[in-house]
Amino acid sequence: AAGMLEEEPFRRGQRQQILRVTLAPLRAKLTPRTWNRLMKSLAVIYGIEPMIVLKDICGANDRETEAVVRWMMDALVDAALREGIRK
């Protein structure tokens with residue numbers, strides 16, 4: 001099925017669109033306020049910016065940098081799920 005998708009490929013500058021697609025399964029579970037907060041929080045740590053900070057300022061290697069960014073993303077999703085479940 002490779003190359004058979006009818007979706008437009010993601011390009012640079014589409015951070016919010018990528019996150020909306022990625023977080024779509026959580027949208028029905030979270031309150032609108034929490035979902036929007038999660039989107040904005042993940043936008044801060046998704047992309048090159050945290051890599052620059054972790055590598056250039058903190059001296060982390062590639063493996064550690066990836067692990068820290070994944071940990072931050074997991075922590076934000078966990079916090080959102082604890083805080084904003086729709087009832």
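Excluded from the calculations below are hydrogen atoms, water molecules and symmetry mates; all remaining heavy atoms, backbone and side chain alike, are included. Remember, it's a predicted structure, so these values are computed and weren't measured experimentally.
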Asker: Does any part of the side chain of Y46, heavy atoms only, come nearer than 4.5 Å to the side chain of M73, both counted from C-beta?
Answerer: yes
Asker: To the nearest 0.5 Å, tell me how far D62 CG sits from M51 CE.
Answerer: 8.5 Å
Asker: Pairs of donor and acceptor atoms involving the side chains of residues 76-83, under 3.5 Å and at least two apart or interchain, shall be tabulated with distances.
Answerer:
unit_1	atom_1	unit_2	atom_2	d
E83	OE1	R37	NH1	3.1
E83	OE2	T34	OG1	3.0
E83	OE2	R37	NH1	3.1

Asker: Hey, does V69 have a side-chain heavy atom less than 4.5 Å from the side chain of E66?
Answerer: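 No; the side chains remain at least 4.5 Å from each other.
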Asker: Might you point out which heavy atoms bring G47 and P50 nearest each other, and give the distance in Å?
Answerer: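 Minimum heavy-atom separation between G47 and P50: O-CD, 3.4 Å.
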Asker: Between A60 and T65, which heavy-atom pair has the shortest distance, and what is it?
Answerer: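 Of all heavy-atom pairs spanning A60 and T65, the closest is CB-OG1, 3.4 Å.
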Asker: Are R15 and L19 close enough that some pair of their side-chain heavy atoms sits under 4.5 Å apart?
Answerer: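 A side-chain contact under 4.5 Å exists here.
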Asker: Are I45 and W71 in one and the same hydrophobic cluster, where Ile, Leu, Val, Met, Phe, Trp and Tyr link if side-chain heavy atoms are under 4.5 Å apart?
Answerer: yes
Asker: Would you say that R20 contacts W35 through its side chain, given a criterion of any heavy-atom pair below 4.5 Å between the two side chains?
Answerer: yes
Asker: Return the OG to CG distance between S41 and N36, rounded to the nearest 0.5 Å.
Answerer: 10.5 Å
Asker: To check you understand the geometry: which heavy-atom pair defines the closest contact between L54 and V68, and what is its length?
Answerer: CD1-CG1, 3.8 Å
Asker: According to a 4.5 Å side-chain heavy-atom criterion applied to Ile, Leu, Val, Met, Phe, Trp and Tyr, with indirect links allowed, do V53 and V44 form part of one hydrophobic cluster?
Answerer: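 Each belongs to a different hydrophobic cluster.
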